[in-house]
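What follows is a single structure, written as C-alpha cells, with notes after it.
Within every chain, numbering begins at 1; the chains are lettered A, B, ... in the order of the sequence lines, protein sequences first and strands thereafter.
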Amino acid sequence: MRTRVAPSPTGTPHIGTAYVALFNQAFARRHGGRFVLRIEDTDRTRSSPKWEVALIEALRWLGVAWDEGPDIGGDFGPYRQSERLSIYRDHVDRLVKEGGAYPCFCSSERLEELRKRQAQEKASIQGYDGLCASISSAEAKRRIDAGETYVIRMRVPREGECVFRDRFRGEIRIPWNQIDHQVLMKSDGYPTYHLANVVDDHLMRITHVIRGEEWISSAPKHVLLYSLFGWQPPEFAHLPLLRNPDKTKLSKRRNPTSILYYRDAGYLPEALSNYLCLMGYSRSDGREIFSLREMFEDFDIDRISLGGPIFDLNKLASFNAQYIRHLSPDELVLRLAQWRLNCDYWRRIVPLAQPRLQRLGDFVPMAAFLFADRLNYRVEDLLGPTKDQIRVAELLKIGQWELEKVENWEKDRLREVFEKIAVIEQIKLKSALTPFFVAICGSAVSLPLFESMEILGRDLSLRRLIYAQELLLAAGHGVQGRELKELQSRYERAYGAQE
RNA sequence: GCGCCCAUCGUCUAUCGGACAGGACAUCAGGUUUUCAUCCUGGUAAGGGGGGUUCGACUCCCCCUGGGCGCGCCA
C-alpha cells in the first residue's frame with residue numbers, strides 16, 4: 001500500500017498541502033504502507049527551489065514524515081519531476097506513436113480567441129476544438145522538422161462517459177465531451193501535471209491517490225491515461241476542500257494559508273496537526289484531542305465526511321491553548337525558545353534597538369511587535385496625517401500584492417519594493433511608508449521598517465498587511481468589490497501582471 | 001453557460017431505519033479565583049423544501065433549492 005503527497009513548490013507552503021499529506025500519511029501508516037513526497041515542479045516559470053526548501057521545512061515542522069522523497073531518496077526516485085523529464089518524453093512518444101496523443105501547432109493567440117468565443121457563446125462544450133487532431137502523422141512530422149513549436153495533446157473520446165470510482169462517493173460518471181484535449185507536453189518539453197502525475201504514480205507504485213476534491217473533474221483525464229498506457233489505475237479518494245468562512249475554497253485573501261504563518265504566530269505543531277485531522281474526520285470514540293501517533297494507530301479512511309469543512313481559527317486557537325496548558329513549565333520554556341525567545345532571534349533585533357535604548361527595560365516594549373501576531377492600534381494611526389483614507393487602503397493592497405511576489409525576503413529587496421511603489425504612485429517614500437509602519441510595527445514610531453519586516457518574516461508581515469486592511473474595511477475605508485477589481489487591473493498594468 | 005461534487009446547532013462533527021438527535025469550539029448564565037485566564041455547573045442552538053419507499057425516516061430513492069469545485073502550454 002503506497003500513498004503520496006505531490007505538492008508543487010510555487011509559493012509559500014500551503015495548509016491544504018499539509019492537510020492532504022496528513023491523511024495520506026495516516027492511511028499509509030495505518031496499513032503498514034509507505035508514504036511518498038514527490039515534488040511537482042514542472043511549471044518552470046513558477047517553481048523555485050526556495051519554495052521546495054520552505055515546503056519541506058514546513059511539513060517537517062508539522063510532523064509530516066515521508067518514507068521516500070527528494071531529500072531522503074528511495075527506490076523509485078528521483079522524486080522531483082524536473083529530474084524525470086526523459087521519462088515523460090519517452091511515455092509521451094509512445095502515446096503519440098500509438099495514437100492516444102497528437103502534436104498540436106495552434107498558437108496561444110488562437111487558443112485564447114477560441115476560449116473567448118466559447119465563453120461569449122456560453123457554449124456547453126468548452127475546450128480545444130480538435131483542429132490539429134486530424135493532422136496526419138507525416139504532415140505533423142514535416143512541421144516539427146521545420147521547427148514549428150508544438151505541444152502534445154491527449155486524444156479524448158467524443159462521446160460516451162468516463163466511469164470511475166471514488167472511495168467515498170462510489171461511481172462517478174462524467175461525459176467525455178466535458179473533457180478537454182489536455183496538453184500533456186508543453187512546448188518547452190516539460191510535461192503538464194496530468195501526464196507527469198499519472199506516469200509517476202504508476203512508476204512509483206502508488207496504490208491510493210488521496211487528494212483534494214478539486215481534482216474530481218479532471219480525474220477522467222487520468223483514468224484515460226492509465227488505460228492508454230495499459231496500466232491499472234490506483235484507487236481514488238477525494239478529500240473535501242478546506243473552506244473559508246464564506247464557504248469558498250480556502251484562500252489567503254480570507255485566511256492565513258501558509259503553514260509557516262502558523263508556526264511564526266506561535267501555534268504548536270501538534271495543535272495544528274490535531275486540528276487539521278479533525279477537518280472532515282472523526283474518531284469512532286469521539287475524542288477530539290489526540291496525537292498524530294494516535295491518529296495513525298487507528299485511522300479509518302472511511303470515516304471521512306464530505307461536507308467542505310470551514311477552517312475555524314477560533315477552534316484552532318482553543319486547541320492550541322489546551323496544548324499549551326498541558327505543557328510543563330519547563331517544556332513551555334523550551335517551546336518558547338524554539339520559537340522566538342532565543343538569543344539568535346534577539347541578536348537580530350538588538351542592533352536595531354540599541355541606539356534607541358535608554359534603559360535595558362526599554363528593549364522588551366520596543367521589540368514586542370516582533371513577537372506578536374495581531375497588533376493593537378487604531379485606524380487613525382494607520383491613516384496618519386493623510387486625509388485620503390482610500391489612498392491608504394490602496395497603498396496597503398498594492399504593497400501586499402508587490403510583497404507577495406518577493407522571493408528573497410530581505411531588507412534591501414524590501415526597500416526596492418517600496419521605492420518602486422513610491423515612484424509609480426508618485427508619492428514620497430516616507431509618506432508611502434507610514435501605513436506600513438503602523439501595520440507592521442503597530443506605530444509610526446518604531447524600529448526601522450525593512451529590517452523589522454525581515455526579522456518578522458514573510459508570512460507574519462504579509463498577514464499584518466491583511467489585518468490592517470481588515471481594520472480599514474471595518475471602519476468603512478476599505479477597497480472592495482468593483483473598486484478592488486479596478487485597482488487590480490490598474491495595478492497589473494502599472495506593475496506587471498501578477499502570477 | 002456546461003459538467004461534477006456536497007447538504008445535521010453560528011462552526012467542526014456523531015448518528016450508518018426506532019435515542020429527549022450526542023460531543024467539541026463559539027456564545028449566554030452561575031460558581032471557584034484579590035483581577036484576568038484556567039477550572040467547574042447549567043443553558044440557548046441543528047437534520048434546506050417537496051415528493052416517495054417503510055409499521056417507522058436525519059438516515060434509502062427522486063425532484064427542487066442552496067453551496068462548492070472544475071472548464072490554462074497552473075498544479
Side-chain angles (χ1 to χ4, degrees), chain A residues 6-11 14 16-17 39-47 81 104-108 111-112 114-115 118-128 149-153 161-162 164 166 168-170 172-180 182-197 211-221 238-250 275-289 302-322 324-326 499:
Chain A
S8 76
T10 55
H14 199 276
T17 302
I39 300 294
E40 308 224 325
D41 56 348
T42 55
D43 183 342
R44 285 162 101 181
T45 59
R46 293 200 304 149
S47 297
Q81 290 186 327
C104 167
F105 302 91
C106 292
S107 67
S108 46
L111 296 175
E112 207 169 301
L114 183 67
R115 260 192 293 274
Q118 288 172 341
Q120 257 170 17
E121 290 170 356
K122 303 194 169 178
S124 65
I125 296 174
Q126 307 235 336
Y128 187 61
T149 62
Y150 66 99
V151 300
I152 304 293
R153 283 183 187 274
E161 53 186 15
C162 176
F164 64 98
D166 174 273
F168 309 131
R169 284 160 263 256
I172 294 177
R173 299 164 168 273
I174 296 177
W176 280 120
N177 66 21
Q178 291 295 321
I179 307 302
D180 198 7
Q182 181 63 45
V183 170
L184 299 177
M185 185 72 77
K186 308 175 215 175
S187 56
D188 65 2
Y190 275 58
T192 58
Y193 166 84
H194 304 280
L195 198 244
N197 190 267
R211 54 163 26 165
E213 195 179 19
E214 75 235 78
W215 294 108
I216 290 181
S217 31
S218 46
K221 293 172 185 172
H238 291 93
L239 260 18
L241 253 29
L242 262 24
R243 312 282 189 95
N244 296 313
D246 67 0
K247 296 269 192 188
T248 53
K249 178 163 88 165
L250 195 69
Y275 180 66
L276 247 17
C277 286
L278 248 32
M279 305 262 67
Y281 182 70
S282 65
R283 295 168 56 94
S284 55
D285 64 11
R287 273 177 58 210
E288 292 200 332
I289 301 282
D302 295 311
R303 288 189 59 84
I304 286 174
S305 63
L306 297 179
I310 291 171
F311 192 86
D312 181 10
L313 279 168
N314 233 328
K315 184 155 178 172
L316 170 61
S318 144
F319 269 46
N320 201 55
Q322 284 190 60
I324 287 178
R325 267 182 254 124
H326 287 143
E499 290 188 324

Selection from B/G70, B/C2, B/C4 that lies nearest to any side-chain heavy atom of A/E214:
B/G70
Measuring from the side chain of A/Q178 (C-beta onward, heavy atoms only), which nucleotide among B/C2, B/G72, B/G70 has the closest atom?
B/C2
Anything under 30° is parallel, anything over 60° is perpendicular, the rest tilted; go ahead and classify A/F164 against A/H238.
perpendicular
Given atom OH of A/Y190 and atom P of B/A75, what is their separation to the nearest angstrom?
12 Å
If you take atom types as modelled and just measure distance, does the side chain of A/S217 reach the base of B/C69 with a donor-acceptor pair under 3.5 Å?
no
Between B/U32 and B/A19, how far apart are the P atoms? Round to whole Å, please.
41 Å
Could you check how far CD of A/Q322 sits from C1' of B/C25, rounded to whole Å?
9 Å
Taking B/C73, B/G23, B/U38 as options, the one with an atom nearest any side-chain atom of A/E288 is B/G23
Could you work out which one of B/C73, B/C25, B/G68 sits closest to the side chain of A/N314?
B/C25
Over all strands shown, is A/T248 touching base, sugar-phosphate only, or nothing at heavy-atom distances under 4.0 angstrom?
sugar-phosphate
G-U wobble or Watson-Crick pairing nucleotide for B/C9 (cut-off 3.5 Å, both distances)
none
Taking the side chain of A/D312 as its heavy atoms from C-beta onward, which of B/C25, B/G3, B/C69 lies nearest to it?
B/C25
Rounded to whole Å, CE of A/M279 lies from C1' of B/C6 at a distance of 15 Å
In whole Å, what separates the P atom of B/G42 from that of B/G23?
10 Å
Atom-pair distance (CZ on A/R211; C1' on B/G70), nearest Å:
12 Å
What is the separation between atom CH2 on A/W215 and atom P on B/G68, rounded to the nearest whole Å?
20 Å
Note: for A/R153 and A/S282 on RNA chain B, the residue whose nearest nucleotide lies more 5' is A/S282
Write down the distance between CD1 (A/I304) and P (B/C6), rounded to a whole number of angstrom.
14 Å
Please report, rounded to the nearest Å, how far the P atom of B/G3 is from the CZ atom of A/F164.
16 Å
Given B/G23, B/C73, B/C5, the nucleotide with the shortest approach to the side chain of A/T192
B/C73
Using a strict 4.0 Å threshold on nitrogen-to-oxygen distance, state whether A/E288 and A/K315 make a salt bridge.
yes
Choose from B/C73, B/C5, B/C12 the nucleotide whose nearest atom is closest to any side-chain atom of A/I172.
B/C5
Which part of the nucleic acid, if any, lies within contact of A/T149, taking any heavy atom under 4.0 Å across all strands shown: a base, the sugar-phosphate backbone alone, or nothing?
nothing
Can you tell me how far P in B/G10 sits from the matching atom in B/G47, rounded to whole Å?
8 Å
Euclidean distance, atom NZ of residue A/K249 to atom P of B/C6 [Å, nearest integer]
18 Å
Should the pair A/D166-A/R169 be classified as a salt bridge under the 4.0 Å nitrogen-to-oxygen rule?
yes
Please tell me which of the listed nucleotides, B/C6, B/C25, B/C39, lies nearest to the side chain of A/S318?
B/C25
When you get a sec, tell me which of B/U15, B/C73, B/C12 is the closest nucleotide to the side chain of A/R303?
B/U15
Taking the nucleotide of RNA chain B with the closest heavy atom to each, which residue, A/L241 or A/H194, is nearer the 5' end?
A/L241
For A/S187, which contact category applies under a 4.0 Å heavy-atom criterion: base, sugar-phosphate, or nothing?
base
